[in-house]
Participant: 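Structure provided below as structure tokens; questions to follow.
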2 protein chains.
Amino acid sequence: MARTIGVIGDRWTLLILRECFLRTRRFEGFQSALGITRHLLAERLKKLVRQGVLRRIPYQESPKRHEYILTQKGLDLYPIMMALVHWGDTHMVDERGRPLLHEHRKCGKMFDPVMVCSECGEPLSAREVHVHPGPGARPAPERVLLDKKAKPKPRKKAA
Amino acid sequence: MARTIGVIGDRWTLLILRECFLRTRRFEGFQSALGITRHLLAERLKKLVRQGVLRRIPYQESPKRHEYILTQKGLDLYPIMMALVHWGDTHMVDERGRPLLHEHRKCGKMFDPVMVCSECGEPLSAREVHVHPGPGARPAPERVLLDKKAKPKPRKKAA
DNA sequence: TTTGACAGTTCAATTTTAGAACTGTATGAA
DNA sequence: TTCATACAGTTCTAAAATTGAACTGTCAAA
């Protein structure tokens, strides 16, 4: 998660990517849609290209111009986008309602995204998931502070 | 999406929330697990409580101490977390492999999260989804530039 | 009496971001 | 030919956010 956040974890990158999913491709398009400063936009686009999320493709030669297109790696961010949108739709809408509705082409209905288990297909919730260290586990996820005398912790009074 | 990003869209908030899901509850716990500066941590926790993502609950009286617990609104962030982790697992792992594996209690298997359509249950991908303006739609999502003379931009001279 | 856990707060020094103008190529209009 | 505009950046300064480190304060145990 930390590595993902290293890619998309700032105020603007996700909004830029949202515009990509909404088919914006060019510098001015992003800038005017978002109101981001040109400086930061250039910075972020460069970073996303470096990280392989966007591809920079020339679309005219005279004054060299490029479009920014999602790579597969970028397209794979879609579930993150949908999860963010859905949480906002659930917890952050005002009285006017949702800004956007989503229609699923396959079934033709307006839908919400649901996250399910790849094995049994049941919807997921935090309580039903148990985490195990994997092969790339960190050495010390958390430094234990009450180390040596781990016991003396009868500090509680209220419960 | 912008509103969701307003809540969790910075470098540290998502990591703090990750620790919450991993059952960290106290100031020192977050601080030592993440290495975040105490100043920012205090700031972020306050913000999350204000926004209703965490609840601040006293666990001892003597020197007043509190724990930070996920509210339902916070728990609902779980799909976002899983989506972030899964993208990282897919595109950002090193040769050592995943740091964490997830087991679904319901079915007992190690799983990956999959995002599906709430109506037909099929997995979602960006191309199969069409967006429509909803009741809370923004007036002008994007100003068209190559229009006519959209605006006589008052180009000022340098000093 | 002293030390240490815990949960912050304060403050100077960096780093980022915002805001605005400026650079440069090319096209169409006057 | 000259001027205005589209487009994609770059450059600069001021303002905001973040870091790093030390400091405050309450209580418990040594």
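These values consider heavy atoms only, across backbone and side chains, with no hydrogens, waters or symmetry-generated copies. Below, chains carry the letters A, B, ... as their sequence lines are ordered, and counting in each starts from 1.
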Participant: Atom CD1 of Ile36(B) and atom C1' of dA21(D): how far apart are they, to the nearest Å?
Facilitator: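 Roughly 16 Å, once rounded to whole Å.
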Participant: Is there a side-chain polar atom (N or O) of Trp12(B) under 4.0 Å from OP1 or OP2 of dA17(D)?
Facilitator: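 For Trp12(B), the contact criterion (side-chain N or O under 4.0 Å from OP1 or OP2 of dA17(D)) is not met.
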Participant: Nearest to the side chain of Arg56(B), heavy atoms from C-beta on, is which of dG8(C), dT10(D), dC7(D)?
Facilitator: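 Of all the options, the side chain of Arg56(B) is nearest to dG8(C).
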Participant: Heavy-atom nearest nucleotide on DNA chain D for Arg11(A) versus His66(A): which residue maps closer to 5'?
Facilitator: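 In this pair, the answer is His66(A).
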Participant: Which of these nucleotides, dG9(D), dG20(D), dT25(C), is closest to any side-chain atom of Pro63(A)?
Facilitator: dT25(C)
Participant: Given atom CG of Leu34(A) and atom C1' of dA18(C), what is their separation to the nearest angstrom?
Facilitator: 15 Å
Participant: What orientation do Phe21(A) and Tyr78(A) show, parallel under 30°, tilted 30 to 60°, or perpendicular over 60°?
Facilitator: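 Phe21(A) vs Tyr78(A) ring planes: tilted.
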Participant: Among dA8(D), dA7(C), dT11(D), which nucleotide sits nearest the side chain of His39(A)?
Facilitator: dT11(D)
Participant: If you compare every side-chain N and O of Arg25(A) against the phosphate oxygens of dC7(D) (OP1, OP2), does one of them come in below 4.0 Å?
Facilitator: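 False: Arg25(A) side-chain N/O out of range (4.0 Å or more) of dC7(D) OP1/OP2.
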Participant: In whole angstroms, how far is the C1' atom of dT11(D) from the NZ atom of Lys46(A)?
Facilitator: 12 Å
Participant: Tell me which of Arg65(A) and Thr37(A) sits closer to the 5' end of DNA chain C, going by the nucleotide each one is nearest to.
Facilitator: Thr37(A)
Participant: Can we say Glu128(A) and Arg105(B) salt-bridge, meaning some charged N sits less than 4.0 Å from an Asp/Glu carboxylate O?
Facilitator: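 No, no charged N to carboxylate O under 4.0 Å.
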Participant: Can you classify the ring geometry of His132(A) versus His130(A) as parallel (below 30°), tilted (30 to 60°) or perpendicular (above 60°)?
Facilitator: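 Ring orientation, 0 to 90° scale: perpendicular.
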Participant: Can we say Arg65(B) and Glu28(B) salt-bridge, meaning some charged N sits less than 4.0 Å from an Asp/Glu carboxylate O?
Facilitator: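 No, Arg65(B) and Glu28(B) are not salt-bridged.
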Participant: Quick one: on DNA chain C, does Ser62(A) or Gly35(A) contact a more 5' nucleotide (nearest heavy atom)?
Facilitator: Gly35(A)
Participant: Of the nucleotides dT18(D), dG24(C), dA18(C), which one has an atom closest to the side chain of Arg44(B)?
Facilitator: dT18(D)
Participant: Rounded to the Å, how far apart are Ile16(A) CD1 and dA8(D) C1'?
Facilitator: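 Spelled out: CD1 on Ile16(A) to C1' on dA8(D) is 14 Å.
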Participant: Taking OP1 and OP2 of dA17(D), is either one under 4.0 Å from a side-chain nitrogen or oxygen of Lys47(B)?
Facilitator: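 Result: no.
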Participant: For Gln60(A) and dT25(C), give me the distance from atom CD to atom C1', rounded to whole Å.
Facilitator: 10 Å
Participant: Just the rounded figure in Å: distance from P of dT18(D) to CD of Gln31(B).
Facilitator: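 Distance, rounded to whole Å: 16 Å.
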Participant: Send over the distance from Leu40(B) CG to dT16(C) P, rounded to a whole Å.
Facilitator: 13 Å
Participant: Any N or O donor-acceptor pair linking the side chain of Arg38(B) to the base of dA7(C) at under 3.5 Å?
Facilitator: yes
Participant: Can you tell me how far C1' of dT9(C) sits from CG of Leu41(B), to the nearest Å?
Facilitator: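 In whole Å, dT9(C) C1' lies 13 Å from Leu41(B) CG.
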Participant: Is Arg98(B) paired with Asp112(B) through a side-chain N to carboxylate O contact shorter than 4.0 Å?
Facilitator: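 Counted as a salt bridge, because a side-chain N and a carboxylate O are separated by less than 4.0 Å.
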